[in-house]
Amino acid sequence: MYDLIIVGAGPAGIFTALELLRKSSTPHKILLVEKGKPVEKRHCPKDKTGVCVNCKPTCAITTGFSGAGAFSDGKLSLSYQVGGELPDLIGEDFAQELIDYTDKIYLEFGAEGPDIKDIRKRAIQAGLQLVDCPIRHLGTEKAQQLYLNIQNYLADAGVEMLFSTECENIILEDSVCKGVRLREKDGVRDVYAK
């Protein structure tokens, strides 16, 4: 039996596992279930065919460890002023604290900061004024490596990961979630957690 089952290895699932590992005083047995593939096995056939072939059962671009982020250009806004309505819900200062905290995690796993001094120097030489815009740009190749680093960290910390496994349903007992019904290539099985 697991302590926790996390369904989906997108950003919410990944950061839930990271936070539980880092913030808990006792070790937990965690299962992370993902219907797509691990990040290192996600390859889109379009780069060879030139057209989308509608991959089945899941799209390599949108599904798998880190979700669509593994194939994104990796531009992360580092200001609460850009994006949705979270600052209105939790306050601007707290939203910025969360963004800064998350950025430190990205830096820990391989994101790099730009060389601002060199950029500023070249801007002055060109007669331009540099206006700071807080964005971290990972780049597609670096995003994949960063997410592979996180995936490996979770695995090394004991998080069990099931890929190519779909959560078909949750198991309820007296309106309390006790586990999940998983569809794997070998069939269906029920897995329980505290």
Check: residues 1-8 side-chain donor-acceptor pairs under 3.5 Å, at least two apart:
| residue | atom | partner | partner atom | Å |
| --- | --- | --- | --- | --- |
| Tyr2 | OH | Glu160 | OE1 | 2.7 |
| Tyr2 | OH | Glu160 | OE2 | 3.1 |
| Asp3 | OD1 | Lys194 | NZ | 3.3 |
| Asp3 | OD2 | Lys29 | N | 2.6 |

Please assess Leu148 against Phe65 for the test side chain to side chain contact (heavy atoms under 4.5 Å, CB included), listing each intermediate value before the final yes or no.
-> CA-CA 8 Å; Leu148 179 60; Phe65 192 89; over 6 Å; no
Using the side chain to side chain contact (heavy atoms under 4.5 Å, CB included) rule, take Val188 and Leu182 through it: C-alpha gap first, then chi angles, then the decisive distance, then the call.
-> CA-CA 6 Å; Val188 176; Leu182 302 178; over 6 Å; no
Where do Glu166 and Arg189 land on the salt bridge (Lys or Arg N to Asp or Glu O under 4.0 Å) test, with the steps shown first?
-> CA-CA 11 Å; Glu166 189 163 359; Arg189 71 177 169 127; over 6 Å; no
Begin with the C-alpha distance, continue with both residues' side-chain angles, and end with the deciding distance and a verdict on side chain to side chain contact (heavy atoms under 4.5 Å, CB included) for Lys37 and Ser164.
-> CA-CA 6 Å; Lys37 296 178 182 177; Ser164 301; 4.3 Å; yes
Could you go through the side chain to side chain contact (heavy atoms under 4.5 Å, CB included) check for Asn169 and Val180 one step at a time?
-> CA-CA 6 Å; Asn169 210 337; Val180 292; over 6 Å; no
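Linking Ile, Leu, Val, Met, Phe, Trp and Tyr whenever their side-chain heavy atoms come within less than 4.5 Å leaves Leu98 and Ile105 in two separate clusters. Under a hydrophobic clustering in which Ile, Leu, Val, Met, Phe, Trp and Tyr are joined whenever their side-chain heavy atoms come within less than 4.5 Å, directly or via other members, Ile150 and Ile30 fall into the same cluster. A single hydrophobic cluster is not seen to contain both Val176 and Tyr192; linkage of ILVMFWY side chains at heavy-atom distances under 4.5 Å, directly or through other members, places them apart. In the hydrophobic clustering of this structure, Tyr101 groups with Leu18; members are Ile, Leu, Val, Met, Phe, Trp, Tyr whose side-chain heavy atoms approach within less than 4.5 Å, directly or through other members. Both Val39 and Phe15 are members of a single hydrophobic cluster when ILVMFWY side chains are connected at heavy-atom separations under 4.5 Å.
Inter-residue side-chain proximity for Cys55 and Pro45 is flagged as met; some heavy-atom pair is nearer than 4.5 Å. Taking 4.5 Å as the limit, some side-chain heavy atom of Leu154 sits within range of a side-chain heavy atom of Met161. For the pair Ile99/Ser79, no side-chain contact is recorded, criterion being any heavy-atom separation below 4.5 Å from C-beta on. Here the side chains of Leu32 and Leu162 are not in contact, with every heavy-atom distance at 4.5 Å or above.
Atoms CD1 and CG, on Ile170 and Asp190 in that order, are 12.0 Å from each other to the nearest 0.5 Å. One distance of note links CD of Glu85 with CD1 of Ile90; it measures 12.5 Å at 0.5 Å rounding. Rounded to the nearest 0.5 Å, atoms OG (Ser66) and CD (Gln144) are 8.0 Å apart. Expressed to the nearest 0.5 Å, how far CG of Leu146 lies from CD of Glu108 amounts to 10.0 Å. For the atom pair OH (Tyr147) and OH (Tyr106), the distance works out to 3.0 Å, reported to the nearest 0.5 Å. The distance from the CG atom of Leu20 to the OG1 atom of Thr16 is 8.5 Å, given to the nearest 0.5 Å.
At least one donor-acceptor pair under 3.5 Å links the side chain of Thr165 to the backbone N or O of Phe163. A side-chain donor-acceptor contact under 3.5 Å links Arg42 to the backbone of Gly67.
Side-chain polar atoms of Glu40 and Gln151 form a donor-acceptor pair below 3.5 angstrom. Judged by distance alone, the side chains of Tyr80 and Glu92 do bring a donor and an acceptor atom under 3.5 Å apart.
Annotation: Asp88, atom CG; neighbour count of heavy atoms from other residues, nucleotides and ligands within 6.0 Å is above 12.
Across all their heavy atoms, Leu21 and Ala157 have their closest contact at CD1-CB, 3.6 Å. Looking at every heavy atom in both residues, Val53 comes nearest to Thr49 through CG1-OG1, 3.9 Å. Contact detail for Pro87 and Gly84: the closest heavy-atom pair is CD-O, 3.8 Å.
The aromatic rings of Tyr153 and Phe109 sit perpendicular to each other, their planes meeting at more than 60°, with 30° as the lower class boundary.
Under 4.0 Å is where a charged nitrogen must lie from a carboxylate oxygen, and between Lys41 and Glu34 no such pair does. The pair Arg181-Glu168 fails the salt-bridge criterion, with no side-chain N (NZ, NE, NH1 or NH2) lying under 4.0 Å from an Asp/Glu carboxylate O.
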